[in-house]
Amino acid sequence: MHVKIIDLMVGISGALDLISPEVVGHHRRTAEIATTLAHSLNLPEKDLGDLYLAALLHDIGAFSLKSRIDALDFEFSDIRHAELGYRLVARVPHLQRPARLIRLHHTPWNGIGEDVPADEALLANILNLADRVDAADGQPEHIDRLHRLSGTVFSPRTLSTLTRDILILHHKLGSGSKGSWKDTLEDTIIPQSELLDFADAFSHVIDFRSRFTATHSCGVAETAAALGRLAGLSETETRTLKLAGLLHDIGKLAVPSEIIEKKGGLTDSEFEIVRSHPGICETILSGISGFADISHWACQHHERLNGRGYPHGLLASQLSTGSRIMAVADVFTALTEDRPYRAGMSKSQALEVLGSMSTSGFLDPTHVSLLHKHYENIDTIRVESQSVAMKRFCSLAA
Ligand SMILES: [Fe+2]
Ligand SMILES: [Fe+2]
Ligand SMILES: [Fe+2]
């Protein structure tokens with residue numbers, strides 16, 4: 001599986017921008033603007049690439065809708081999301097430098113420490129400016145205001161890049177242009193281990209919008225990988241199952257936290273919003289080249305063998321082993337972890353539900369039997385992986 005870093009991060013930034021209509025396209029626009037500003041200073045290609053990646057992910061640490069909208073506030077001063085974003089992204093060796101820029105994306109020019117290399121200070125300051133240009137929605141009066149922050153929030157060199165052309169670019173991006181840096185910058189293949197590191201870090205962004213689903217993706221990923229191994233899948237297929245598990249609920253970024261957290265029944269319209277998440281998952285993941293299997297397996301986790309699943313109502317003949325395993329792993333993990341409306345089920349309760357879903361044609365009987373046969377083993381793997389994920393997130397957020 002060959003996945004390129006920029007291609008992957010453009011897809012991921014699209015997922016980040018789903019979180020609310022107020023911020024749709026913010027990461028992509030900021031990335032195009034920041035890279036254009038840096039280019040006008042004739043900075044080296046490596047700087048442009050790192051800045052583009054940093055900008056695509058810069059608000060990744062702002063998990064809730066509120067913190068995301070706050071982050072767009074012109075006078076915004078809460079920079080915890082910058083530190084959290086740094087810690088999430090820095091787990092990927094190829095993204096160390098973009099991570100350091102993310103950490104500084106709200107730090108004023110006169111607050112950047114002397115220990116920060118001059119090139120990174122400048123790039124972070126450009127990212128800060130591009131973020132503010134987009135937050136100001138390209139309004140000329142706000143742009144004048146940014147120019148008055150010379151020497152304090154922005155360096156004179158950073159501000160020298162802020163011309164009328166940027167307003168024209170912002171306007172074009174706002175009217176649907178995707179910009180051109182994605183196709184211009186040199187892209188490299190991300191090593192498999194780093195792809196897993198990134199998916200693992202990103203699963204926190206997906207899951208931590210509700211304490212009830214805080215480690216769900218990790219539990220699904222490890223359960224699916226364990227089932228895959230028992231079913232005799234190859235090492236590559238097992239790794240793909242794990243990646244698909246980590247990302248399977250990426251479409252839930254588009255579901256408001258109040259709905260995810262709601263106790264009691266959902267209204268019909270709320271239920272429809274929840275049911276849209278696998279389709280959204282497909283839109284995001286199918287756009288990333290090299291992600292074909294991950295996309296199918298992740299986005300078909302609510303499809304059922306009897307055709308009564310969603311989003312497409314696929315039939316058994318259309319569902320691959322990977323998709324069938326993902327469905328079993330998702331149901332098993334959901335049943336055994338605590339939810340807003342009930343505590344996690346015991347072994348006998350969970351097996352009863354899985355058994356009846358298998359006999360009534362919803363889940364694949366082969367994989368449900370495997371789970372039945374190796375229950376203790378798989379459940380231990382699930383519990384341990386979810387507790388490691390919880391500890392890791394707590395240390396990130398500390
Ligand atoms: Fe931010
Ligand atoms: Fe931002
Ligand atoms: Fe789901």
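Order of listing sets the numbers, starting from 1, for every ligand and every atom in it. For this chain, numbers begin at 1 and follow the sequence in order.
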message: Between K46 and D50, is the salt bridge (charged side-chain N to carboxylate O under 4.0 Å, His left out) condition met? List the steps.
response: CA-CA 6 Å; K46 166 89 178 110; D50 285 340; 2.8 Å; yes
Atom name of the N, O or S atom in H301 that lies nearest to the Fe ion (ligand 3): NE2
statement: Here the N/O/S atom of D249 closest to the Fe ion (ligand 3) would be OD1
- prompt: At what distance, to the nearest 0.5 angstrom, does OG1 of T158 lie from CG of L122?
  reply: 5.0 Å
Do the side chain of [X] and the main chain of [Y] share a donor and acceptor less than 3.5 angstrom apart?
| X | Y | answer |
| --- | --- | --- |
| H147 | L162 | yes |
| S358 | L354 | no |
| T380 | E376 | yes |

N/O/S from H26 sitting under 2.8 Å away from the Fe ion (ligand 2): yes
- request: Look at H58 and state whether any of its N, O or S atoms is less than 2.8 Å from the Fe ion (ligand 1).
  value: no
task: State whether D59 contributes an N/O/S atom found under 2.8 Å from the Fe ion (ligand 1).
output: yes
- prompt: Relative to the Fe ion (ligand 1), which of the N, O or S atoms in H81 is the closest?
  reply: NE2
message: What I want to check is whether the side chains of H248 and H302 have a donor and an acceptor closer together than 3.5 Å.
response: no
message: Please give the atom name: the N, O or S atom of D131 nearest to the Fe ion (ligand 2).
response: OD1
field: the Fe ion (ligand 3) reached by H248 (N, O or S, under 2.8 Å)
entry: no
